[in-house]
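Here the structure comes first, spelled out in structure tokens, and everything after it is commentary.
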Amino acid sequence: MADNKKMVEEITSMDEDFARWYTDIVKKAELIEYASIKGCMVLRPYGYAIWENMQSIMDDMIKETGHKNVYMPMFIPESLLQKEKDHVEGFAPEVAWVTHYGNEKLTERLCIRPTSETLFCDHYKKVISSYRDLPKLCNQWCSVMRCEKTTRPFLRTAEFLWQEGHTAHATAEEAQEETIKMLNVYADFFKDALAIPVVKGQKTEKEKFAGAEATYTIESLMHDGKALQSGTSHNFGDGFAKAFGIQYTDKENKLQYVHQTSWGSTTRMIGAVIMVHGDDSGLMLPPKIAPIQVVVIPIAAHKPGVSEKADEIYNILKKTYRTEIDTSDKNPGWKFSEYEMKGVPIRIEIGPRDIENNSAVIVRRDTREKIFVSLDELPEKIGETLEAIHQNMYNKALENLNARTNTAKDFDEFKKVLEEKGGFVKAMWCGNRECEDEIKAQTAATSRCMPFEQETISDKCVCCGKPAKKLVYWAKAY
RNA sequence: CGGGGCGUGGCGCAGUUUGGUAGCGCACUUGGUUUGGGACCAAGGGGCCGCAGGUUCAAAUCCUGUCGCCCCGACCA
């Protein structure tokens, strides 16, 4: 038995090690607890606080670009869901159905929203009649439900929290502009709030959203070399408008269909943060979204003056930074590990030695560097250090992204590069679905996006050798 | 739905081959000593051994059935 177990451990792939590392972090950092409801998870206070910080920054950015928040019902009547053919085909297999209201059996069942396009369409049909009513720029924060067959904390859960923006415009050009604008908002958010660099581009036909004319994506790279679709922005053209009959009268008194977009980002972003920045000591949170930016840890708190000084520091810092103090009776070593596991960017140690020197020790989560700072300069130094941590985290993630982005001219090279280096492989593609399927079948890699910044690596498709149309980023993905 | 595995205190497991007082680590409670990298000592609480039958003087252990969960294959933010 023991031998067998050992053997299993020895042949355990890196993938499984990484998976174990990941699930360990989400539990030990107290982000989630598994719910007793299939596929769902309990977001615990610390995990939810991370989401709230993300939400607050993202919400500002969405409002900054002229959008207003609204709230739609969580139920969608079956007939409404079915109005757009591609959309219903894409989502029907994974929706949950409500069949009863109390004891009364419904004549038409209601699904729990897997996404709210159809509800927004139904609404827009009612409130849009003139070009003067356009554009409609709405956003909703809510949870949606998709009965996934396999789930994973944050990356794929049955119910998840997200923001979904839904807009309606007079022209195709305006809709396209909006689609790209919001994709850029996501990319900026990843860089400025999450310290994660992304690749921006368009999804292929195979990978695009059910019902969309075009889907754009930001793709980030986890430090195990797998890609993660981290936010998407869709241009619907007038497909939904025609299916739902959303029309307006233009300046020439002619009836026109609106052009729509939608874009969403989810709690999956927390998964991205864990897998991009985390290390062997646990989570590492970018300062902007960290629920605790600074934790004060008194050393030998029973010795004279220590408690008082620690309190004093805490009270000063909490005015400017999200600060906590840990006065529990755990020993310091335990506390150090605990807050590293939780990804707190800075910890401050204050003990008898520091009090003698009127100083404190600040320790960076990202570099473990210990910096001795005089108490007078402390608040200022904290600000500088938080900024430096963000920069350093971004730079490291960018280094990893660059190091793991390689090119391949033919299929043999493609397989070799993917096998040896992981990450993104840039390669040319003929535009045919068959080649995407073939590449996936042979390598497990999927097309992540056709980047905005196109290059010509070769004139032949990496798979079939026919003339190439597009440069594609390929990768194994979550 | 096809292949593999597992159900034993809150969590992680041992015990099952060969039936004989339910154990270990972590966590928890109390008291004390500690405190600059996951402390130590002492005492304590907590289990219809997934469920239902059967065999037996005796079942966590053997037999039958059943339920649940996890991993691998087809989809997805």
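All values below come from the heavy atoms of this structure, side chains included, with hydrogens, waters and symmetry mates left out. Values in this document were obtained by computation on a predicted structure and should not be read as measured data.
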Quick one: look up who B:G53 pairs with, Watson-Crick or G-U, both distances under 3.5 Å, and put none if it's unpaired. B:C63
Given B:C75, B:G38, B:A77, which nucleotide is nearest the side-chain atoms of A:Glu338? B:G38
Among the nucleotides B:C75, B:G37, B:A77, which one has an atom lying closest to any side-chain atom of A:Lys440? B:C75
A:Pro352 near the nucleic acid: base, sugar-phosphate alone, or nothing, with a heavy-atom cut-off under 4.0 Å? base
Rounding to an integer number of angstrom, what distance separates B:G7 and B:C51 when you compare their C1' atoms? 11 Å
Taking the six-membered ring for Trp, are A:His87 and A:Phe209 parallel (under 30°), tilted (30 to 60°) or perpendicular (over 60°)? tilted
Determine: side-chain N/O of A:Lys27 to OP1/OP2 of B:G12, distance under 4.0 Å, yes or no. no
As its Watson-Crick or G-U partner within any shown strand, both distances under 3.5 Å, B:G12 has B:C24
Between B:G9 and B:G23 - C1' atom distance, rounded Å: 11 Å
Most 5' of A:Thr217 and A:Lys330 on RNA chain B, judged by nearest nucleotide: A:Lys330
For the side chain of A:His302 and the base of B:U34, is some donor closer than 3.5 Å to an acceptor across the two? no
Rounded distance (Å) that lies between atom P of B:C75 and atom CG of A:Asp437: 9 Å
Expressed in whole Å, how much space separates the C1' atoms belonging to B:U18 and B:C24? 23 Å
Has the side chain of A:Asp354 got a donor or acceptor atom sitting under 3.5 Å from an opposite partner on the base of B:G36? yes
P atom, B:G3 versus B:C40: distance in rounded Å? 49 Å
Round to a whole Å and report the spacing from CH2 of A:Trp334 to C1' of B:C28. 13 Å
The residue, A:Ala210 or A:Ile350, whose nearest nucleotide of RNA chain B is more 5′ is A:Ile350
Quick one: look up who B:G46 pairs with, Watson-Crick or G-U, both distances under 3.5 Å, and put none if it's unpaired. none
Among B:A77, B:G36, B:U35, the nucleotide that comes nearest once only the side chain of A:Arg268 is considered: B:A77
Short side-chain N/O contact from A:Asn331 to OP1 or OP2 of B:A39, under 4.0 Å: yes
On the six-membered ring of A:Phe452, is A:Lys200 placed so that its NZ or CZ lies under 6.0 angstrom from the centre and within 45° of the ring axis? no
In whole Å, what separates the P atom of B:C48 from that of B:G10? 8 Å
Using purine N1 to pyrimidine N3 plus N6-O4 or O6-N4 for Watson-Crick, or N1-O2 and O6-N3 for G-U wobble, both under 3.5 Å, which nucleotide pairs with B:C1? B:G73
As a test of reading the structure: which of B:G37, B:A77, B:G36 is closest to the side chain of A:Arg347, going by heavy atoms? B:G37
Could you tell me whether A:Gly351 contacts a base, only the sugar-phosphate backbone, or nothing, with contacts defined as non-hydrogen atoms closer than 4.0 Å? base
Watson-Crick or G-U wobble partner of B:C6, both distances under 3.5 Å: B:G68
Nearest heavy-atom pair of A:Ser230 and A:Phe190: which atoms, and what distance? CB-CZ, 3.3 Å
Hey, are the side chains of A:Ser307 and A:Thr327 touching, using non-hydrogen atoms and a 4.5 Å cut-off? no
C1' spacing across the pair B:U61 / B:G50, given as an integer number of angstrom: 16 Å
Walk me through whether A:Lys206 and A:Glu436 qualify under salt bridge (charged side-chain N to carboxylate O under 4.0 Å, His left out). CA-CA 8 Å; A:Lys206 173 180 155 83; A:Glu436 279 183 278; 5.8 Å; no
Does the ring of A:Phe336 carry A:Arg347 above it, NZ/CZ under 6.0 angstrom from centre and within 45° of its axis? yes
Quick one: look up who B:U34 pairs with, Watson-Crick or G-U, both distances under 3.5 Å, and put none if it's unpaired. none
Quick check for you: among B:A77, B:G37, B:G36, whose closest atom lies nearest to any side-chain atom of A:Phe160? B:A77
Touch class at under 4.0 angstrom, heavy-atom based, for A:Val144 against every strand present: nothing
Using a 4.0 Å heavy-atom cut-off, does A:Gln229 contact any base of the nucleic acid, only the sugar-phosphate backbone, or nothing at all? sugar-phosphate
With C1' as the reference atom in both, quote the distance from B:C63 to B:U17 in angstrom, rounded to an integer. 16 Å
Using atom C1' in both nucleotides, what's the gap between B:A27 and B:G20 to the nearest angstrom? 32 Å
Considering every strand and a 4.0 Å limit on heavy-atom distances, what is the contact class for A:Leu228: base, sugar-phosphate, or nothing? nothing
Does A:Thr215 reach a base, just sugar-phosphate, or nothing at all? Heavy atoms under 4.0 Å. nothing
Ignoring the backbone of A:Phe209, work out which of B:A77, B:U35, B:G38 is nearest its side chain. B:A77
Determine, using ring centers only, whether A:Tyr124 and A:His166 are less than 6.0 Å apart. no
